Amino acid sequence: MKDSSFRDRVLTIVCAIPEGLLLTYGDVATAAGTPRAARAVGAVLRAGTGVEIPWHRVVNAKGRVSGGGDVARPPLQIKRLQAEGHRFGSDGVLNLAERRWDLKEAPTWHDAPWESKDQPPDDFSE
DNA sequence: AAAGTGACCTCCT
DNA sequence: CAGGAGGCCACTT
């Protein structure tokens, strides 16, 4: 709650998202203790965690993927979500309201495996 | 160390 | 109801 850095909490939460469920950046930020830090969550994921985390399970409030300038991110994320059994609409929007994960189930960060310093490059491409 | 950027969200028009 | 603008926090260089 205070020992681990913000990114550690975000990584822990994202990594703890059950398969088949989804979570929005705002929810992750809220679970981390900073509801207004939704943007920061994206920064953490963009920075690379060094650990293979299901970042694809995190989408925006619109229930849609973003991509952040990368053209391979949206299709990859959608592809992964579909593999998880998620249902996408005609506009690429998924029923987030039905697949939203309960933040109450968010894990507690007491001994996060990822250290706040020196993190290896992330390899989660396909 | 400081400034710029960004995988967002919410409110207002 | 739909579109636009601003604000917030954290990471990168």
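Atom set for the values below is all heavy atoms of this structure, side chains included, hydrogens, waters and symmetry mates excluded. All values derive from a computational prediction rather than experimental measurement. Chain letters run A, B, ... following the sequence lines, proteins first, then strands; residues in each count from 1.
- Atom CZ in A:Arg46 sits about 11 Å away from atom C1' in B:dG4, given to the nearest Å.
- Summarising the geometry, the separation between CZ on A:Arg36 and C1' on C:dC9 is reported as 11 Å, rounded to the nearest angstrom.
- Contact annotation for A:Ala40: base contact, defined as any heavy-atom pair under 4.0 Å involving a base atom.
- A:Ile53 approaches A:Cys15 most closely through the heavy-atom pair CG2-CB, 4.1 Å.
- In this structure, CD1 of A:Ile53 is placed 16 Å from P of B:dA7, rounded to the nearest angstrom.
- Looking only at distances, a side-chain donor or acceptor of A:Gln77 sits under 3.5 Å from a matching main-chain atom of A:Val58.
- For the atom pair A:Trp101 CH2 and A:Ile13 CD1, the distance stands at 7.5 Å (nearest 0.5 Å).
- When the C1' atom of C:dC11 is taken as reference, atom CZ of A:Arg9 falls 15 Å away, rounded to whole Å.
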Please list, pair by pair, any protein nitrogen or oxygen found under 3.5 Å from a nitrogen or oxygen in nucleotides 8-12 of chain B.
residue : atom : partner : partner atom : Å
B:dC8   : OP1  : A:Ser66 : OG           : 2.1
B:dC8   : N3   : A:Arg39 : NE           : 3.1
B:dC8   : N4   : A:Arg39 : NE           : 2.9
B:dC8   : N4   : A:Arg39 : NH1          : 3.2
B:dC8   : N4   : A:Arg39 : NH2          : 2.1
B:dC9   : OP1  : A:Ala61 : N            : 2.4
B:dC9   : OP2  : A:Ala61 : N            : 3.1

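- Remark: C1' of B:dG6 and CZ of A:Arg73 are 14 Å apart, rounded to the nearest angstrom.
- Stem analysis of DNA chain C (Watson-Crick or G-U pairs, both distances under 3.5 Å, runs of at least three) returns B:2-6 with C:9-13, B:8-13 with C:2-7.
- Cluster partners of A:Val71 are absent, since no Ile, Leu, Val, Met, Phe, Trp or Tyr has side-chain heavy atoms less than 4.5 Å from it.
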Run the side-chain donor-acceptor check on residues 88-97 of chain A: report pairs under 3.5 Å with partners two or more places apart or on a different chain.
none

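- Listed by first and then second residue, the side-chain hydrogen bond (donor to acceptor under 3.5 Å, both in side chains) pairs involving residues 58-68 of chain A amount to none (not counting sequence neighbours).
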What's the verdict on side chain to side chain contact (heavy atoms under 4.5 Å, CB included) for A:His56 and A:Lys79, showing C-alpha distance, side-chain angles and the deciding distance? CA-CA 9 Å; A:His56 53 267; A:Lys79 181 180 177 182; over 6 Å; no

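- Atom-to-atom, CH2 of A:Trp55 to P of B:dA7 comes out at 12 Å; the value is rounded to the nearest Å.
- Sorted by first and then second residue, the salt bridge (charged side-chain N to carboxylate O under 4.0 Å, His left out) pairs with a member in residues 10-37 of chain A read A:Glu19-A:Arg57, A:Asp27-A:Arg100; sequence neighbours excluded.
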